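Step one of this worksheet: look at the structure below.
What you see is a predicted model; the values in this text were computed from it and never measured. Every chain is numbered from 1 and lettered A, B, ... according to where its sequence line falls, protein lines coming before strand lines.
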Amino acid sequence: VIPGWIIAYLTFPGIIVHEAAHLLFCKLCRVPVLDVCFFRRGNPAGYVIHEQPKTFLPTFLITVGPFLVNSLLCLVICFPAILPIRVFHQNDVLGYFLSWLGISIGMHAFPSNQDAKSMLAHATQAAKGFNLLAILSYPLAGLIYLANLGSVIWLDYLYGLALGFGLPALLLQKL
Amino acid sequence: LRTITCTDCGREFPMNGTLVLSGEPLCRPCLEARWIAANKHFPEPPLKAVDPTVCVKCGADHGDQELPQVAGMPVCDECYQKAQNPTFPTWVKMSLAVILALAGFSLAHNWRFFQAYVEAERGKREAQARHYHAAYALLASASRRVPESAELAFRARLIAACVPAEDGNYEQSSRLMAALAKEYPEQRFLAEQARELSAVSYAMQAREASKKQDHAQAVALMDKAVSEYPNPTLQLERDIYQVCYLMDEDRSDEALALARTLPDNVGDDKDLQEAVNAIIGSAERGAAFERGDYDTFLAKAKEFQAQHPDEPGAVAQVASALACKYAVTGQEPYKAQALEMLDKAKKLAVQDEDKEGFKEYEERILHRLKTRQVISKREYDRRFRSATSSAATAPAATQEGRS
């Protein structure tokens with residue numbers, strides 16, 4: 001088992017993008033932000049401290065923001081590298097760099113347990129008013145916990161690989 | 001700035017440096033003393049006391065004025081405004097720009113790989129559809145785009161070897177494939193592919209021979225095909241030609257015995273099952289004719305005609321059987337019916353191939369009606385036609401018309 005901090009160091013671009021995604025959605029939803037740490041040694045390796053939004057939708061978006069942004073960036077960055085490296089077996093240094101970058105970003109797409117906890121805390125209040133999104137966020141939070149549990153068996157890495165290498169290959173085959 | 005008094009030591013401290021344990025304010029040294037006294041276990045963790053008059057972001061002291069809060073923390077007006085509109089640090093923006101620029105550059109730099117990949121995939125699909133000309137054009141182009149890919153070069157050459165097959169030149173394909181097999185001995189399927197193409201080439205030649213009624217040659221060619229590439233389908237085709245050959249040789253009993261073993265190898269192919277059933281029927285009629293059992297011959301011919309009412313060969317065969325009956329009984333109604341059926345068959349034979357076959361058959365049936373002699377096609381050919389002309393003028397349609 002590789003210690004978490006080593007993985008965090010090896011894949012630090014993903015953590016930076018993860019926190020930047022939280023910040024982006026805070027900005028988009030006009031939620032005040034007290035403090036941002038993009039990367040540090042420690043647990044958590046990054047954070048965004050923000051005001052709790054008045055409605056549930058911004059909370060939801062801020063929580064799932066990294067999943068959307070990291071996944072999209074993983075795809076965009078890995079895409080140019082996949083064919084020379086994976087299919088044509090070329091020694092393309094830029095390709096290797098982009099692959100590492102893309103997979104690192106994809107690995108940190110899952111919202112953290114703390115993200116899920118914050119979302120659930122707000123969802124509990126919102127669900128009392130029969131907010132459908134809040135009700136749906138319960139199973140989503142379950143999935144987030146499961147996904148983070150799965151990181152013990154490299155689920156986050158496998159997700160990054162599938163997204164960065166698998167999906168582009170699938171898309172290219174359809175052309 | 002606000003101060004609080006430590007519950008344990010009674011001294012006064014700035015609020016921001018102290019902690020609160022179970023509602024009691026404590027200075028740090030007193031909290032550590034309690035920690036040791038409690039065997040390093042607190043029922044609930046201590047909380048940092050927060051001075052509502054000091055900004056947590058910039059540390060500015062605002063005296064007695066309580067500050068507005070963001071995320072539960074006091075912040076001054078300036079920091080409050082910054083919190084309302086957070087910005088991305090320049091290094092984050094620059095990094096993202098550089099990364100996207102690199103990705104864009106990489107995409108442009110590697111564009112030929114994408115083009116080659118798409119062409120190779122399309123080529124693969126064309127090859128699967130056996131459109132080898134189109135597949136080769138695509139794969140050759142892909143290989144030119146990425147000349148460093150040995151795999152693409154190999155795939156292009158592999159498809160190039162299949163191109164003549166699309167034009168029906170299996171022999172040429174087989175030769176190219178065999179040459180490729182020598183060059184790439186590790187690709188073991190190539191040698192097998194070359195043998196299969198060679199077998200198909202023999203099979204195609206055998207079909208041509210069969211069309212010319214040269215079943216002996218067809219069998220010989222299929223023997224080569226089967227020895228090159230042992231395969232149940234090729235073996236079945238060989239046996240079908242063998243049945244035809246035996247019938248040519250007036251050995252319909254042997255032909256029938258062999259024909260009856262054919263369905264065991266047909267499988268689920270409906271068209272093939274139909275073809276084999278037709279061969280068995282033909283052999284049965286031929287065997288009945290050869291042993292002089294004209295009632296069975298007539299019954300089988302009528303059965304065949306009922307299944308194929310618009311085939312001139314089937315109608316003419318009923319005429320042939322009726323002519324046999326006339327030859328042995330001398331009863332005029334058989335002759336009249338035979339002529340009627342012959343006329344019907346003549347009207348049905350509109351295509352050139354049918355017309356040619358019918359002409360050959362009509363000649364023999366009319367001879368039978370005129371002389372009341374029943375002789376086989378072989379004997380008729382021997383007596384009245386040269387050997388070469390019979391092979392040339394007797395098309396496949398007369399398979400049922402040799403009796």
Closest contact, heavy atoms only, [X] versus [Y]:
X: A:Pro80; Y: B:Ala103; answer: CG-O, 3.3 Å
X: B:Pro86; Y: A:Leu23; answer: CB-CD1, 3.8 Å
X: A:Lys27; Y: B:Thr87; answer: NZ-CA, 4.3 Å

Main chain of A:Leu34, side chain of B:Lys57: is a donor-acceptor contact present, judged purely on distance under 3.5 Å? yes
Hey, does the side chain of A:Glu51 reach the backbone of B:Ala71 with a donor-acceptor pair shorter than 3.5 angstrom?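 It does hold such a pair.
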Give, as side chain, backbone, both or neither, the part of A:Phe79 having an atom under 4.5 angstrom from any heavy atom of chain B.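 Both parts, backbone and side chain.
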Whatever's closer than 4.5 Å to a heavy atom in chain B on A:Leu98 counts as side chain
Drop me the distance from [X]'s [atom1] to [Y]'s [atom2], to the nearest 0.5 angstrom.
X: A:His89; Y: B:Ser149; atom1: NE2; atom2: OG; value: 8.0 Å
X: B:Leu102; Y: A:Leu101; atom1: CG; atom2: CG; value: 8.5 Å
X: A:Ile16; Y: B:Ser95; atom1: CD1; atom2: OG; value: 7.0 Å
X: B:Phe114; Y: A:Leu83; atom1: CZ; atom2: CG; value: 4.5 Å

Taking atom [atom1] of [X] as the centre, report whether more than 12 heavy atoms of other residues, nucleotides or ligands fall under 6.0 Å from it.
X: A:Arg40; atom1: CZ; answer: yes
X: B:Trp111; atom1: CH2; answer: no
X: A:Tyr157; atom1: OH; answer: no
X: A:Phe110; atom1: CZ; answer: yes
X: B:Arg112; atom1: CZ; answer: yes
X: B:Glu78; atom1: CD; answer: no

Which answer fits B:Val70, side chain, backbone, both or neither, if we ask what part of it has an atom under 4.5 Å from a heavy atom of chain A?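 Backbone plus side chain of B:Val70, per the 4.5 Å heavy-atom cut-off to chain A.
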Under the side-chain contact (heavy atoms from CB on, under 4.5 Å) rule, what do A:Leu73 and B:Leu96 come out as? Steps first, then yes or no, please. CA-CA 10 Å; A:Leu73 271 180; B:Leu96 183 66; 4.0 Å; yes
Going through the checks in order, is the side-chain contact (heavy atoms from CB on, under 4.5 Å) test met by B:Phe105 and A:Leu94? CA-CA 10 Å; B:Phe105 170 76; A:Leu94 180 59; 3.5 Å; yes
Find the one option among B:Leu107, B:Val75, B:Val146 whose heavy-atom pairs under 4.5 Å with chain A are most numerous.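 Sorted descending by pairs with chain A, the first entry is B:Leu107.
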Ring geometry between A:Phe88 and B:Phe113 (parallel below 30°, tilted from 30 to 60°, perpendicular above 60°): tilted
Measure the shortest side-chain to side-chain distance between [X] and [Y] over non-hydrogen atoms and say whether it is less than 4.5 angstrom.
X: A:Asp35; Y: B:Met73; value: no
X: B:Ile99; Y: A:Phe97; value: no
X: B:Tyr80; Y: A:Pro32; value: no

When A:Val17, A:Asp92, A:Leu24 are compared by non-hydrogen pairs under 4.5 Å with chain B, the top option: A:Leu24
